[in-house]
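Here the structure comes first, spelled out in structure tokens, and everything after it is commentary.
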Amino acid sequence: MAAFLIAIFIGAFLLFQIQPVVARAILPWYGGSPAVWSTCLLFFQTGLLLGYAYAHALVTFLREKRKLQVAIHISLLIVACLLLPIAPDPDLKPDGSESSPIGSILILLSVTVGLPYLLLAASGPLIQHWFAETAPGRSPYRLYAVSNIGSLLGLLTYPALIEPLFGLRLQSWIWSIGFGLYLLGAAWCAARFWKVAMTDQLAKKQTDRVSSGTRPSAITVATWIAYTACGSGLLLAITNQMCRDVAVVPFLWVLPLALYLLTFIIAFDGEHWYKRGLAIPLAVLAFAATIYLLNQQFASEEVPLYTQIAVYSSAVFFGCLVCHGETVRRKPHPRYLTGFYLAISFGGALGGAFVSLIAPLIFDSFAELALIMAGLLILVSFTVVTRLLALRKRPGFALPEIIIGCVLWIAPLPFLGFFLRAPYAEASEGMIVAKRGFYGVLRVYEELSLGDSSYRALYHGRITHGRQYLDEKWRRLTATYYSEESGVGLYFDHGSPRDNGVRAPQHFGVIGLGTGTLAAHAIEGDRVRFYEIDPLVAEIANEQFTYLADSLGDVEVVIADGRIALEQELASSGSNQFDALFVDAFSGDAIPVHLLTVEAFELYRQHLKPDGVIVVHVSNLHLDLTDLVRNLADETGFEATRIEYSPPVDEYHTYYSDWILVTRNDTLHLELEALGYASDWNYGEPADTLWTDDYSNLLEVIY
């Protein structure tokens with residue numbers, strides 16, 4: 001068994017480590033959106049399905065032609081080796097203007113890792129089948145548990161070892177060397193299988209053995225698919241929930257996926273590990289805690305980050321444990337092994353497609369999480385009630401007791417359903433517009449304030465991205481993070497060019513549009529250039545708010561990722577010669593990492609005038625970005641001043657804000673310091689945190 005264990009372990013390790021490696025490499029190309037990871041997971045689940053289908057086809061059509069099975073698979077592995085390393089081709093980099101880049105991400109992944117990934121995906125069921133053929137009477141299903149241990153380690157070592165220690169280029173080479181080792185292991189297994197193929201008598205025994213067993217019914221197959229679709233959908237929906245309000249960080253990709261794999265290990269290692277009477281109640285409790293968190297989305301007190309991660313992780317673990325435990329309880333005879341894996345991979349792809357492709361088309365919120373939890377509870381209810389009713393055939397079980405058991409299970413479900421619906425009902429109160437796209441859910445609310453004056457607010461997820469009062473006398477008020485006392489206001493009061501003491505017209509760029517509030521700071525003669533990756537944000541800013549239309553400056557909105565657009569402009573027409581460049585891009589509360597690297601700041605510098613200012617917005621619920629920006633400033637030849645503003649309680653229109661002004665203009669730094677506006681840094685000396693395009697680690701900046 002050693003040869004098969006080693007090959008399956010290495011293949012599974014590589015199969016799941018390739019996911020964060022390649023996703024991390026292409027994340028900056030698509031604006032750092034949380035949807036990049038869910039799209040990558042959709043690709044990987046689909047690739048798993050195709051790999052299992054390939055293995056199933058080899059086994060089904062070439063069952064008696066073992067030499068041909070070996071020749072085809074090993075030949076394709078050699079071809080895949082010739083396509084390494086797995087680094088994405090820079091020529092495939094998008095221009096950043098697509099409204100929904102799902103198609104281009106899937107094409108990019110297919111070209112970059114398609115063949116190696118498909119063959120690794122096939123290795124699990126195929127090598128297990130080879131083992132079943134060479135070791136009569138021994139169950140191959142425990143090899144699947146070994147496969148998932150390899151997958152789990154492949155995931156966990158990425159945020160713990162690979163990401164902190166190695167840059168992206170070296171990561172791709174390390175993985176490629178591992179693929180070469182896998183080829184040797186697979187060839188070893190193939191040689192053992194080939195040896196069996198040379199012994200006709202043994203081959204006949206194998207054929208006789210695998211011909212036994214009952215073909216699974218259509219209902220059984222449908223149950224496999226339904227449970228695994230719920231598990232996959234739950235994984236993706238909860239991962240999206242965590243990432244969109246924190247950051248698109250590999251740790252928050254890997255943790256839920258690792259727990260998902262752990263449930264496969266527990267379920268497949270042996271039926272005695274999955275205790276239905278324990279796992280199902282724990283899953284219900286975890287779902288109840290998750291529903292509580294969903295109802296705290298607009299609460300005044302922020303639930304601690306680690307509490308949120310723990311609750312969401314428990315929902316993934318116990319929910320998926322039930323899904324996979326119930327699936328394994330219905331596993332077929334080894335003759336139908338590859339078909340079984342094909343069905344569960346189809347369920348996984350189905351759940352991924354629902355979350356990544358279908359839900360954004362039919363929902364204007366992230367309602368898929370609630371729907372998946374409800375669907376799983378209904379599916380489990382069917383299993384529980386069926387199991388309870390089956391007890392009536394056993395001695396000692398009376399029908400009234402069974403009915404009471406069914407009622408006790410079903411009775412709490414309507415209450416869970418009520419509270420599951422509550423956050424979505426609350427989110428719709430006062431809402432006048434809701435739009436959902438690749439970059440998230442956008443909502444516009446209208447509420448009363450300032451007596452009879454209404455205001456409109458834009459939310460991305462649960463984070464405010466701007467507010468505007470509708471009354472004529474308040475309409476041009478720079479609200480939320482952009483008040484006169486904020487870092488933005490102080491820049492315009494003290495850092496912008498002067499002509500005889502009066503602010504002179506200037507040219508400034510803004511990465512991140514929101515409601516367009518920054519345009520309200522423009523005076524006549526100013527040129528304002530916004531860069532916004534999400535076309536839905538631009539639609540809402542123009543249709544529901546008037547900051548852009550009311551601006552005294554000449555305003556232009558470029559629909560593209562800010563960094564990609566600046567790179568293209570520098571190459572085609574040279575520097576924009578901005579007086580200031582405001583970096584204010586958020587996806588929910590998540591920071592696009594590629595905007596805060598050494599290379600990004602070098603690009604910003606090239607677009608600035610000599611005394612120009614980079615104004616970086618670092619307000620955040622969960623991340624401390626101040627030391628990072630200090631180090632970026634120092635690395636690229638700038639100095640940094642922090643402007644932290646906490647408004648009085650009765651200052652209705654202004655939020656707490658934290659901005660950092662980065663410039664070579666020593667006069668500005670000294671003036672802000674002398675006037676008492678410069679805020680203290682959190683630490684005397686900044687932490688050793690510096691990001692590049694090749695290396696970043698968000699775990700360094702989480703509170």
Under 3.5 Å donor-acceptor, Asp694 side chain and Leu168 backbone: yes
Donor-acceptor pair, side chain of Ser172 and main chain of Arg169, under 3.5 angstrom: yes
Exam field: side chain Tyr695 to backbone Pro164, donor-acceptor pair closer than 3.5 Å: yes
Residues in salt bridge (charged side-chain N to carboxylate O under 4.0 Å, His left out) contact with Glu599, at least two apart in sequence or another chain: none
Ring geometry between Phe354 and Phe363 (parallel below 30°, tilted from 30 to 60°, perpendicular above 60°): perpendicular
Step-by-step side chain to side chain donor-acceptor pair (under 3.5 Å) determination, Gln19 to Tyr158: CA-CA 10 Å; Gln19 299 183 21; Tyr158 186 79; over 6 Å; no
His607 to Leu566 - nearest heavy-atom pair and separation: NE2-O, 2.9 Å
Close side-chain approach of Ile511 to Asp584, heavy-atom, < 4.5 Å: no
Salt bridge (charged side-chain N to carboxylate O under 4.0 Å, His left out) against Asp693, all qualifying residues, sequence neighbours excluded: Arg563
Tyr30 to Tyr439 - nearest heavy-atom pair and separation: O-CE2, 3.8 Å
Pairwise side-chain contact, Phe179 with Ile18, heavy-atom cut-off 4.5 Å (strictly under): no
Leu234 to Gly319 - nearest heavy-atom pair and separation: CD2-CA, 3.9 Å
Steps toward side-chain contact (heavy atoms from CB on, under 4.5 Å) verdict (Thr239, Val316): CA-CA 9 Å; Thr239 303; Val316 170; 5.9 Å; no
Tyr481/His617 aromatic ring centres below 6.0 Å: yes
Contacts of type salt bridge (charged side-chain N to carboxylate O under 4.0 Å, His left out), residue Arg529, not counting sequence neighbours: Glu556, Glu569
Donor-acceptor contact present, side-chain Thr597 to main-chain Thr692, <3.5 Å: no
Chi angles and distances behind the side-chain contact (heavy atoms from CB on, under 4.5 Å) call for Leu442, Leu458: CA-CA 7 Å; Leu442 300 166; Leu458 171 64; 4.3 Å; yes
Worked check of side chain to side chain donor-acceptor pair (under 3.5 Å) between Gln45 and Ser345: CA-CA 7 Å; Gln45 288 172 325; Ser345 66; over 6 Å; no
Mutual orientation of the aromatic rings belonging to Tyr445 and Tyr459 [parallel < 30°, tilted 30-60°, perpendicular > 60°]: perpendicular
Backbone of Val311 reached by a side-chain donor or acceptor of Ser314 within 3.5 Å: yes
Flag, side chain of Ser123 to backbone of Leu120, donor-acceptor distance under 3.5 Å: yes
Point-to-point distance, once rounded to the nearest 0.5 Å, from CG of Leu548 to CD of Glu543: 12.0 Å
Expected output: side-chain His324 to main-chain Cys320 donor-acceptor under 3.5 Å: yes
Ionic contact status for Arg436 with Glu368, cut-off 4.0 Å: yes
Main-chain N/O of Tyr260 paired with Thr263 side-chain donor or acceptor, under 3.5 Å: yes
Under 3.5 Å: donor-acceptor pair, side chain of Glu532, backbone of Gly512: no
Side chain to side chain donor-acceptor pair (under 3.5 Å) between Arg24 and Ser696, intermediate numbers included: CA-CA 10 Å; Arg24 170 67 183 82; Ser696 62; 2.5 Å; yes
CZ/Phe346: more than 12 non-hydrogen atoms of other groups inside 6.0 Å: no
